[in-house]
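Some notes on the structure that comes next.
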Amino acid sequence: MKLLTQPYLLTLHPAEEMNIVWIQSAPSPAYVEYGRTDALGTRAEARCYEIRGFRGPGADGTYGDSPYTHPEVSVWQYIVKLSDLSPGETIHYRVFGCGEYSKVYFFHTAPSEGSDYRFVQISDLQSLPNCDQTVHNIGTFHPDFILFSGDAAYVSWRLDQWFDTGEAWQDELSVKSAFFPCMQQENGARLMQYAPLFFSPGNHEPDDMKCGRLPEGEGKDAWSWSIFMQLFRPLYPDSDYGINGKRWYSADYADMHIVSLSINRFSHINAYGKNEYILLDSFTPGSPQLTWLEEDLSHDNSRYRWVIQHFHILNRAWDAKFNLCAPETDDEGNAIYPHDGGQQLIDLFSAHRINAVTYGHSHVYERYYTQGTHYIEAAYLSITFAKPDSPPHPSGLLPVLEDNSRRSFAIFERRSDGLFAEGYYAAENPIVFDRYQIANSDGTPVSPDTLTSVFKPIDQEELP
């Protein structure tokens, strides 16, 4: 019996409420001690949930392609919801589980409007090489909250891609790149124990991402997001894990409205071919998610507005053209997309004054600007799907800046004079290579054409 994670923070109401969550290998008495000082003083009992769906290694200590040939492994999640909080507070806490206490951590509730804050965008860890160093770099900036645009693990059902299990079959490299050990590093970093995480699901979040390769009628009902939605339960309280489940939400952090969308595509390996079975979250007019989004944005009066999603809208990678409507079939049985859902979203985001949209999937550092909105993909950890000679996005729009020469990440700051961004090369000492302003202090957009200091990529000869 052991703690599989340190505590992590999730909330839909960051100014007044926080869920302290952790995972154990077995059930036990569990609670949180917390207070406004490190003396703590208040105790709250934890609720226990069994998380099902994970699979362990086979008899030979290795993993194959199919989850159904591997033994099921349950883990236990504990959650304490603190609901007696106020904006701008510092809360100290520790958890008790498996007969032991964690260290004392702290977090800040969202401040009042007009206060400064810092946040980070990240996605596509997928146990990629050196993702632990990139994430540690991010943690040294001590973000107030974290935006994660999907693809936490490469194979969601694999226990070893989420946790350090302590078992002999899990090698040191996989431990370093597993999601929770990676996202809970310390040694100068402050990550999920200190800052709430806002997640949007990617194409690797389904329990078995290969279900889409099954014949239609046999595979459709097999789609489930249960593992992902259980791990991040407070963000998805409806707990409807199937293809029609609600995997989108919004939250307000100080004067910023954060919208998390579920934009996904699933297909056979040979995508878009004859008789292919393709499933995606539709943004066809009248679809539940689009209806919710329009309603949500029409009632929001925040100074700043931010959208996170997994699939890109503007991108130069090989899979750049991603339509957000439901597929139809032509006379030869090929999947076709009759509407340009991407432009539909661009128009909608412009109409509702979205300052920025951040996403992942193609593992690139690219940013665009169109119709008053910045579109940013800062997801290059070690593998990229872009090529130097990649054609422009089918819209004809070119990126304001593109650099996939080294692993990178982006840091964002709300300051008294507006909303700002910096791109960094991931290294022992991170190097800034991109700096720009997203919005003015009143929330109005700042076009790259109006800036006097946009950084150019650093010449490789200048790098240490």
Side-chain angles (χ1 to χ4, degrees), residues 1-5 8 10 19 21-28 30 46-59 61-79 97 125-127 148 150-167 169-170 174-175 177-184 192 197 199-214 218-248 262 264 266 279 281 310:
M1 184 169 67
K2 62 174 289 188
L3 295 177
L4 291 175
T5 72
Y8 57 103
L10 301 169
N19 294 281
V21 189
W22 69 99
I23 310 291
Q24 301 181 181
S25 63
S28 75
R47 295 188 65 178
C48 178
Y49 303 86
E50 182 181 8
I51 296 181
R52 305 187 65 179
F54 285 116
R55 303 274 179 157
T62 64
Y63 281 96
D65 290 335
S66 172
Y68 311 112
T69 61
H70 292 74
E72 292 189 47
V73 179
S74 289
V75 298
W76 277 261
Q77 180 184 61
Y78 287 84
I79 301 178
L125 293 190
Q126 297 182 35
S127 297
F148 199 107
D151 285 5
Y154 188 77
V155 180
S156 280
W157 55 265
R158 281 183 53 164
L159 192 72
D160 67 326
Q161 293 202 353
W162 292 96
F163 310 109
D164 175 6
T165 64
E167 301 292 342
W169 48 262
Q170 190 173 26
S174 67
V175 169
S177 60
F179 178 79
F180 282 103
C182 195
M183 291 292 294
Q184 296 195 308
M192 292 173 67
L197 181 144
F199 210 112
S200 63
N203 58 298
H204 286 267
E205 259 64 64
D207 298 348
D208 177 12
M209 60 178 288
K210 295 184 179 179
C211 288
R213 300 176 192 170
L214 298 174
E218 188 178 323
K220 187 174 182 180
D221 293 337
W223 281 100
S224 172
W225 285 257
S226 70
I227 296 172
F228 155 71
M229 294 176 73
Q230 288 175 90
L231 286 172
F232 302 101
R233 190 183 308 271
L235 300 180
Y236 305 99
D238 292 345
S239 300
D240 185 350
Y241 305 142
I243 62 173
N244 295 313
K246 184 175 181 288
R247 286 176 294 281
W248 52 86
S262 180
N264 284 298
F266 307 100
L279 163 71
D281 293 332
H310 180 66

Exam field: side chain [X] to backbone [Y], donor-acceptor pair closer than 3.5 Å:
{"X": "H310", "Y": "S200", "value": "no"}
{"X": "T5", "Y": "I23", "value": "yes"}
{"X": "Q77", "Y": "L231", "value": "yes"}
{"X": "R55", "Y": "W157", "value": "no"}
{"X": "S25", "Y": "K2", "value": "yes"}

Check whether any side-chain heavy atom of [X] sits under 4.5 Å from a side-chain heavy atom of [Y], and report yes or no.
{"X": "I51", "Y": "R233", "answer": "yes"}
{"X": "F199", "Y": "F228", "answer": "yes"}
{"X": "L197", "Y": "F232", "answer": "yes"}
{"X": "Y154", "Y": "S127", "answer": "no"}

- Going through the checks in order, is the side-chain contact (heavy atoms from CB on, under 4.5 Å) test met by L159 and Y63? CA-CA 10 Å; L159 192 72; Y63 281 96; 3.9 Å; yes

Nearest heavy-atom pair of [X] and [Y]: which atoms, and what distance?
{"X": "P237", "Y": "P234", "value": "CD-O, 3.8 Å"}
{"X": "D207", "Y": "S226", "value": "OD2-OG, 2.6 Å"}
{"X": "D151", "Y": "Q126", "value": "OD2-NE2, 3.1 Å"}
{"X": "Q230", "Y": "E50", "value": "OE1-O, 3.5 Å"}
{"X": "G56", "Y": "V73", "value": "N-CG2, 3.6 Å"}
{"X": "A30", "Y": "G97", "value": "CB-CA, 4.4 Å"}

Between [atom1] of [X] and [atom2] of [Y], what distance do you get to the nearest 0.5 Å?
{"X": "R158", "Y": "I227", "atom1": "CZ", "atom2": "CD1", "value": "12.5 Å"}
{"X": "L125", "Y": "H204", "atom1": "CG", "atom2": "NE2", "value": "12.0 Å"}
{"X": "D208", "Y": "D65", "atom1": "CG", "atom2": "CG", "value": "10.0 Å"}
{"X": "S177", "Y": "Q161", "atom1": "OG", "atom2": "CD", "value": "7.5 Å"}
{"X": "E205", "Y": "S156", "atom1": "CD", "atom2": "OG", "value": "5.5 Å"}
{"X": "Y49", "Y": "S239", "atom1": "OH", "atom2": "OG", "value": "8.0 Å"}

- Item | Qualifying residue, where the test is ring pair (Phe, Tyr, Trp, His ring centres under 6.0 Å) with Y8 and the options are W22, Y78, F180 |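 So the option named by the test is F180.
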
- Centroid-centroid under 6.0 Å between F179 and F148 rings: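 Yes - the distance between ring centres of F179 and F148 falls below the 6.0 Å cut-off.
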
- Steps toward side-chain contact (heavy atoms from CB on, under 4.5 Å) verdict (Y236, W225): CA-CA 11 Å; Y236 305 99; W225 285 257; over 6 Å; no

